[in-house]
S.K.: 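This is the structure I want to talk about, given as structure tokens.
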Amino acid sequence: MAAPELQQAALDELIASLNPVQREAVMHLEGPLLIFAGAGSGKTRVLTTRIANLIAQRKVWPDRLLAVTFTNKAAREMRARVGRLVDGADEMWVGTFHHTAVRMLRRDAERLGVPRSFTIFDEDDSRAALKRVLDDLRLDPKKYPLSAILAQISKAKNELVDPETYQVDTYRDEIVRRCYERYEKVLRQSGGLDFDDLIVKVVRLLQGDEEARERWRDRFRYVLVDEYQDTNHAQYVLVNLIAGEHRNLAVVGDDDQSIYGFRGADVRNILNFKKDYPEAKVVNLEQNYRSTQDILDAAHNVIRNNEERAPKRLWTDRLDRERVQAAQLYNEVEEAEYVADEIARLRSTEGRRSGDFAVLYRINAQSRAFEDVFGRRRIPYRLVGGIRFWERREVKDLLAYLRLIQNPADTVSFARIVNVPRRKIGPVSVDAVVAAAAETGRDVLEVLANPDAVPNLPKPALAPLGRFRQEVASLRATLGALTPGELIEHVIEVTGLEGYYADGGPQGEARIENLRELRGLAGEFDSNPDRAEALETFLTEVTLRSDVDAYAEDEEGVTLITLHMVKGLEFPVVFLVGMEENLLPHRRAVENPQEMPEERRLCYVGITRAQDRLYLTCSFKRHLYGRSEASFPSRFLQEIPQGLLGPPRRGAAPVAPPRRGFRERFVERQVQAAPVPPPVQRYHEGDRVRHAKFGMGTVMKSTLTRTDEELVVRFDDAGVRIMNATYAQLAKQ
DNA sequence: TTTCTGGGCCTACAT
DNA sequence: GGCCCAGAAA
């Protein structure tokens with residue numbers, strides 16, 4: 001740790017190096033603050049410097065700061081960067097909404113009637129719990145699909161609606177309400193909380209328990225929320241419960257990058273911040289330090305087609321240019337081949353490393369062609385997401401053992417593994433045991449201790465259930481003595497899981513390998529001397545971990561990643577692939593136009609990841625969901641002016657709009673605007689101009705759009721402005 | 001009652 | 001291409 005005066009010097013230097021707008025944000029310490037932080041605008045620098053400044057200037061104890069980030073990775077980075085500037089960064093509460101909520105709940109759960117060692121249910125577990133409910137209510141799963149009901153329950157929770165207050169207008173609503181009610185009961189009896197509950201429970205705690213509310217408010221005197229555009233209603237209420245009174249709340253975000261609407265995110269939270277906090281200071285970070293102007297122009301021309309957005313435009317003082325490459329390939333394999341060719345070319349001509357490249361796509365299934373081609377061509381790659389490690393069957397099975405050991409009330413985990421490996425215990429027996437547990441309020445181990453008292457339990461299941469009980473009980477006896485890693489070894493040994501997965505083939509091998517990897521990952525928690533706590537932490541981390549969290553910037557390999565997970569990352573060379581109707585934008589949005597703006601933002605996020613070079617590709621034919629179909633270039637491609645696109649490289653065709661008639665059959669007709677004369681370029685980079693209000697300035701760039709000429713002008717006294725040539729009435733000097 | 005197999009169905013994004 | 005369920009065999 002550096003001496004305080006050295007740190008102070010580093011902090012001073014950092015503040016001096018900021019641009020004026022960034023500095024305004026850093027110097028605003030008390031009261032509400034809204035930072036609109038465009039892509040690549042140096043947001044992290046601003047936030048970490050501001051926190052360090054708060055600690056240094058205001059002598060705020062770091063443990064009274066709460067910073068909510070979007071990923072665990074972002075949290076780690078923030079903590080590390082603040083730590084370089086001031087002491088005590090470890091004391092800050094930095095984490096995702098879910099992590100923060102868990103930490104709060106572990107302290108106050110009992111005040112809510114939730115057991116302290118609650119189990120966190122991931123989506124898989126929620127499905128299993130709801131499946132049980134649907135069976136109990138004898139609902140036809142074809143008429144009431146699990147995923148639809150689950151989505152409706154999740155939506156209700158995100159809006160803080162309980163089963164009692166659930167609005168019922170139709171019979172179907174009533175069915176959903178009943179499912180919701182029963183589902184909550186299953187969770188309660190299992191000592192489980194689903195993802196949404198974590199937030200909801202904290203809200204209920206703060207609303208209903210004055211002592212807790214005052215304590216947490218006092219604790220978090222300064223609150224910062226990153227990616228505020230992606231907060232849902234429950235999270236919004238949570239933030240305001242903590243910070244609404246002292247009003248030391250800083251929120252950061254970019255409405256153009258709001259891409260989690262499907263998860264309940266509500267852009268209005270950021271757009272209405274000024275209404276909630278009229279005294280708020282608002283700062284707009286629009287200078288971009290990442291991309292070339294051509295890339296920013298392409299991004300702007302796409303996002304400007306969204307109607308409800310705060311008007312703004314990113315600009316850069318980078319002078320190098322490289323037009324965006326757009327190419328249409330025959331099918332997804334040739335698309336991948338084209339990308340591989342370009343990677344090989346840039347590696348040899350520009351000395352790029354494999355880690356400089358990223359392939360961004362809409363859906364995980366698109367990674368397949370790239371994995372195949374890169375594998376064949378020996379191009380190293382790193383796949384982020386996809387079939388996730390933590391969601392693999394064998395991993396979930398083993399975790400279910402750990403969860404049952406830790407929380408014997410967890411009937412969902414019990415039902416998952418009681419017959420894994422095969423023990424001749426079928427669904428009829430499982431139902432009987434779970435029903436008995438629900439009926440008597442006992443946990444699974446207690447019920448199994450006295451199986452004669454279980455109604456309708458098939459006799460042949462008695463002996464195997466007894467053996468199962470003994471296995472779990474003996475494992476549970478080691479709870480305080482073994483580290484998580486040792487416990488995993490022990491589980492594998494006692495249950496014979498490896499033998500169960502071994503099928504003599506590569507799949508079995510992979511499964512066993514995954515179990516060993518899990519053991520290795522658990523090793524990170526072995527240093528905690530409190531073994532029970534170590535297990536609890538391990539299980540929490542595992543459930544709330546996201547795939548980007550493990551992503552390290554400095555490793556080699558081309559990154560393959562979805563547009564959702566790539567937010568917050570940047571790459572020198574970006575390939576945004578599958579730019580096709582029904583893919584980007586996704587079919588759901590094409591059928592449901594109110595979802596279109598979010599698809600456009602997704603495209604915007606992808607484009608703005610690129611630093612030096614951007615490739616947009618689409619395929620003429622695409623093989624998806626088991627069949628091959630004709631594809632059409634994305635409307636977003638058509639939104640980028642031809643002048644920004646460079647000629648395609650060898651082996652690729654330029655993106656041509658499909659022939660008339662052909663296209664109309666498949667793609668909804670776009671509303672034709674009244675014809676306008678094409679604009680003429682009147683200004684050029686470097687021109688000196690005079691504006692009636694802003695005075696003298698220099699044109700930094702001029703872009704022809706479909707209807708006008710857009711100018712970025714740096715005025716000698718009024719800073720950088722973006723204007724349309726038609727309206728600006730500039731006089732050339 | 002449990003286990004195994006084949007056919008039908010649906011298909012993002014993810015804490 | 002993966003998941004769920006129905007129906008047959010043990």
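Labels below follow one simple rule: chain letters A, B, ... track the order of the sequence lines, proteins then strands, and each chain is numbered from 1.
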S.K.: To the nearest angstrom, how far is A/Asp140 atom CG from C/dC4 atom P?
M.R.: 16 Å

S.K.: Between A/Tyr501 and A/Asp397, is any side-chain donor less than 3.5 angstrom from a side-chain acceptor?
M.R.: yes

S.K.: To the side chain of A/Tyr260, which of B/dA14, B/dT1, B/dA12 is closest?
M.R.: B/dA14

S.K.: Hey, is the side chain of A/Asn232 poking within less than 4.0 Å of OP1 or OP2 on B/dT15, counting only N and O atoms?
M.R.: no

S.K.: From the set B/dC4, B/dT2, B/dA14, return the single nucleotide nearest to any side-chain atom of A/Glu123.
M.R.: B/dA14

S.K.: For C/dC5, does OP1 or OP2 lie under 4.0 Å from any side-chain N or O of A/Lys131?
M.R.: yes

S.K.: Just the rounded figure in Å: distance from P of B/dC10 to CZ of A/Arg588.
M.R.: 14 Å

S.K.: Quick test of your reading of the model: are A/Arg403 and A/Asp125 salt-bridged, counting only N-O distances below 4.0 Å?
M.R.: yes

S.K.: Does B/dA14 have OP1 or OP2 sitting under 4.0 Å from an N or O in the side chain of A/Thr562?
M.R.: yes

S.K.: Can you tell me how far P of B/dT3 sits from CD1 of A/Ile425, to the nearest Å?
M.R.: 9 Å

S.K.: Could you check how far NZ of A/Lys567 sits from P of B/dC13, rounded to whole Å?
M.R.: 16 Å

S.K.: With respect to the phosphate group of B/dT3, does any side-chain polar atom (N or O) of A/Asn419 fall under 4.0 Å of OP1 or OP2?
M.R.: yes

S.K.: Would you say the base of B/dA12 stacks on A/His586 (centre-to-centre below 5.5 Å, plane angle below 30°)?
M.R.: yes

S.K.: When you compare the ring of A/Phe262 with the six-membered ring of B/dC13's base, are the centres less than 5.5 Å apart and the planes under 30° from each other?
M.R.: yes

S.K.: Select one nucleotide: of B/dC4, B/dT2, B/dA14, the one nearest the side-chain heavy atoms of A/Arg422.
M.R.: B/dC4

S.K.: Of all the nucleotides listed (B/dC4, B/dA14, B/dT2), which has the minimum atom distance to the side chain of A/Pro427?
M.R.: B/dT2

S.K.: Within the structure, does a side-chain N or O atom of A/Asn364 lie under 4.0 Å from either OP1 or OP2 of B/dC13?
M.R.: yes

S.K.: Taking 4.0 angstrom as the limit, do A/Arg362 and A/Glu599 come out as a salt bridge?
M.R.: yes

S.K.: Respond yes when some side-chain nitrogen or oxygen of A/Thr543 is under 4.0 Å from OP1 or OP2 of B/dT15, and no when none is.
M.R.: no

S.K.: Classify the nucleic acid contact of A/Leu563 as base, sugar-phosphate or nothing, counting any heavy atom under 4.0 Å across all strands shown.
M.R.: nothing

S.K.: Using a 4.0 Å heavy-atom cut-off across all strands, classify A/Glu595 as base, sugar-phosphate, or nothing.
M.R.: base

S.K.: Rounded to whole angstroms, how far apart are CG on A/Leu193 and P on B/dT15?
M.R.: 19 Å

S.K.: Can you name the closest pair of heavy atoms from A/Ala75 and A/Gly95 and give their distance?
M.R.: CB-CA, 3.9 Å

S.K.: Does A/Arg362 get its side chain close enough to the base of B/dA12, under 3.5 Å, for a donor-acceptor pair?
M.R.: yes

S.K.: Could you check how far CG of A/Leu457 sits from C1' of B/dT1, rounded to whole Å?
M.R.: 12 Å

S.K.: Any base atoms under 4.0 Å from A/Glu599, or only sugar-phosphate, or nothing? Heavy atoms, all strands.
M.R.: base

S.K.: For A/Arg263 and A/Ala461, take the nucleotide of DNA chain B holding the closest heavy atom to each; which residue's nucleotide lies nearer the 5' end?
M.R.: A/Ala461

S.K.: What nucleotide, of B/dT2, B/dT15, B/dC13, holds the atom closest to the side chain of A/His564?
M.R.: B/dC13

S.K.: State plainly whether the residues A/Lys131 and A/Asp135 are in salt-bridge range, i.e. N to O under 4.0 Å.
M.R.: yes

S.K.: Is the closest basic N to carboxylate O distance between A/Lys157 and A/Glu184 below 4.0 Å?
M.R.: yes

S.K.: When you match A/Asn72 and A/Val430 each to their closest nucleotide on DNA chain B, which lands nearer the 5' end?
M.R.: A/Val430

S.K.: Whole angstrom is fine here: how far is it from CG in A/Asp135 over to C1' in C/dC5?
M.R.: 12 Å

S.K.: Considering only NZ, NE, NH1 and NH2 on the basic side and carboxylate oxygens on the acidic side, decide whether A/Arg635 and A/Glu639 come within less than 4.0 Å.
M.R.: no

S.K.: Does a side-chain N or O of A/Arg127 approach OP1 or OP2 of C/dC3 to a distance below 4.0 Å, or not?
M.R.: no

S.K.: Using whole Å, report how far CG of A/Asp230 lies from P of B/dC13.
M.R.: 17 Å

